Amino acid sequence: QVNLVESGGGSVQAGASLKLSCKGSGRAIRDYGMAWFRQAPGREREFVASTRWSDNTPNYADSVKGRFTISRSNVERTIYLQMNRLKPEDTALYYCAAELWGPGKSGEEDYEFWGQGTQVTVSS
């Protein structure tokens with residue numbers, strides 16, 4: 001089992017950057033496919049980015065491709081989401097998720113462990 005805690009959210013202007021962190025405790029995150037999802041008010045939770053457990057191959061939603069980068073440090077037990085050129089439509093609660101031996105799928109049903117989320121607000 002892994003426990004996940006997100007941090008790094010905040011309120012920024014459009015065009016700014018933020019870097020989210022998700023620190024795992026318990027079982028090492030190197031055993032997990034990891035992902036970021038987000039949920040805006042009144043909308044369903046949606047996939048943002050993921051990384052495969054075996055080789056860190058990334059996968060991105062089309063809406064963030066070219067602006068967001070997912071990475072991990074197994075030594076630090078942390079995954080990151082670097083978010084550049086933020087837009088108001090990126091405003092959401094961002095969640096970190098983990099799937100044991102996961103290939104980095106985009107469906108939230110594939111992930112067993114979830115953090116509590118960190119809020120990102122982008123104003124125009």
Side-chain angles (χ1 to χ4, degrees):
Q1 178 172 324
V2 63
N3 298 309
L4 304 171
V5 179
E6 303 94 335
S7 62
S11 297
V12 297
Q13 296 283 330
S17 299
L18 278 175
K19 187 173 185 177
L20 305 184
S21 299
C22 171
K23 189 170 181 65
S25 60
R27 185 166 182 158
I29 67 164
R30 65 174 178 269
D31 294 338
Y32 292 87
M34 303 294 296
W36 290 95
F37 288 79
R38 66 187 183 187
Q39 187 168 20
R43 301 189 65 175
E44 294 189 352
R45 189 154 55 184
E46 65 175 4
F47 170 77
V48 176
S50 65
T51 175
R52 187 186 299 171
W53 81 273
S54 56
D55 60 5
N56 292 326
T57 298
N59 182 29
Y60 297 97
D62 288 343
S63 59
V64 307
K65 204 169 290 184
R67 298 189 298 124
F68 290 12
T69 303
I70 188 171
S71 61
R72 75 161 77 202
S73 169
N74 290 332
V75 171
E76 296 179 354
R77 295 177 170 244
T78 302
I79 67 163
Y80 304 96
L81 185 68
Q82 176 67 48
M83 306 186 294
N84 298 329
R85 304 197 308 277
L86 282 161
K87 304 175 181 179
E89 51 264 44
D90 295 318
T91 295
L93 187 62
Y94 282 71
Y95 296 92
C96 171
E99 179 193 11
L100 187 64
W101 316 126
K105 298 177 181 177
S106 59
E108 63 174 296
E109 66 277 3
D110 296 311
Y111 293 87
E112 182 177 5
F113 302 102
W114 293 81
Q116 295 300 306
T118 185
Q119 179 67 38
V120 172
T121 302
V122 185
S123 57
S124 57

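Here the structure is a predicted model, which means the values were calculated and not measured.
Taking all atoms of both residues into account, the shortest heavy-atom contact from Pro88 to Ala14 is CD-CB, 4.1 Å. In this structure, Leu93 and Gln116 approach most closely via the heavy-atom pair CD2-O, 4.3 Å. The shortest non-hydrogen separation linking Ser50 to Gly104 is OG-O, 2.7 Å.
Between the side chain of Thr121 and the backbone N or O of Ser11 there is no donor-acceptor pair closer than 3.5 Å.
Residues meeting the salt bridge (Lys or Arg N to Asp or Glu O under 4.0 Å) test with Glu108, sequence neighbours left out: Arg45. Residues passing the side-chain hydrogen bond (donor to acceptor under 3.5 Å, both in side chains) test with Gln39: none are found, sequence neighbours excluded. Ser17 pairs by the side-chain hydrogen bond (donor to acceptor under 3.5 Å, both in side chains) definition with Asn84, not counting sequence neighbours. With sequence neighbours excluded, the residues forming a side-chain contact (heavy atoms from CB on, under 4.5 Å) with Leu86 are Val12, Leu18, Phe68, Met83, Asp90, Val122, listed by chain and number. Under the side-chain hydrogen bond (donor to acceptor under 3.5 Å, both in side chains) criterion, Lys65 pairs with Asp62, not counting sequence neighbours. Taking Glu76 as the reference, Ser73, Thr78, Tyr80 meet the side-chain contact (heavy atoms from CB on, under 4.5 Å) condition, with sequence neighbours excluded. The side-chain contact (heavy atoms from CB on, under 4.5 Å) search around Asp55 returns Arg52, Thr57, not counting sequence neighbours. Not a single side-chain hydrogen bond (donor to acceptor under 3.5 Å, both in side chains) links Glu112 to another residue, sequence neighbours left out. Ser106 pairs by the side-chain contact (heavy atoms from CB on, under 4.5 Å) definition with Phe47, Asn59, not counting sequence neighbours.
Tyr60 places a side-chain heavy atom less than 4.5 Å from the side chain of Thr69. With contacts defined as side-chain heavy-atom distances shorter than 4.5 Å, the pair Gln82/Ile70 does not qualify. Contact annotation: the side chain of Val120 never approaches that of Arg38 to less than 4.5 Å [non-hydrogen atoms, C-beta and beyond]. Gln1 has its side chain within reach of Phe113: a pair of non-hydrogen atoms, C-beta onward, lies under 4.5 Å apart.
Counting heavy atoms of neighbouring residues, nucleotides and ligands inside a 6.0 Å radius, atom CD of Glu44 does not exceed 12 of them.
Considering OH of Tyr94 and CZ of Phe37, their distance stands at 13.0 Å, rounded to 0.5 Å. Rounded to the nearest 0.5 Å, atoms NZ (Lys87) and OG (Ser63) are 8.0 Å apart. Atom CH2 of Trp36 and atom CD of Glu46 lie 14.5 Å apart (nearest 0.5 Å).
Linking Ile, Leu, Val, Met, Phe, Trp and Tyr whenever their side-chain heavy atoms come within less than 4.5 Å leaves Tyr111 and Val2 in two separate clusters. Hydrophobic clustering, with ILVMFWY side chains joined whenever heavy atoms are under 4.5 angstrom apart, keeps Leu20 apart from Tyr95. Under the 4.5 Å side-chain heavy-atom criterion for Ile, Leu, Val, Met, Phe, Trp and Tyr, Val5 and Val75 are members of distinct hydrophobic clusters. When the side chains of ILVMFWY residues are joined at heavy-atom separations under 4.5 Å, either directly or via intervening members, Val48 and Ile79 end up in a single hydrophobic cluster.
Contacts classified as disulfide bond (SG atoms under 2.5 Å apart) and involving residues 62-109 (residues at least two apart or in different chains) are given here: Cys22-Cys96. The stretch residues 5-23 participates, sequence neighbours left out, in no salt bridge (charged side-chain N to carboxylate O under 4.0 Å, His left out) pair at all.
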N/O donor to acceptor pairs below 3.5 angstrom from side-chain atoms of residues 25-33, sequence neighbours left out:
residue: Arg27; atom: NE; partner: Asp31; partner atom: OD2; Å: 3.0

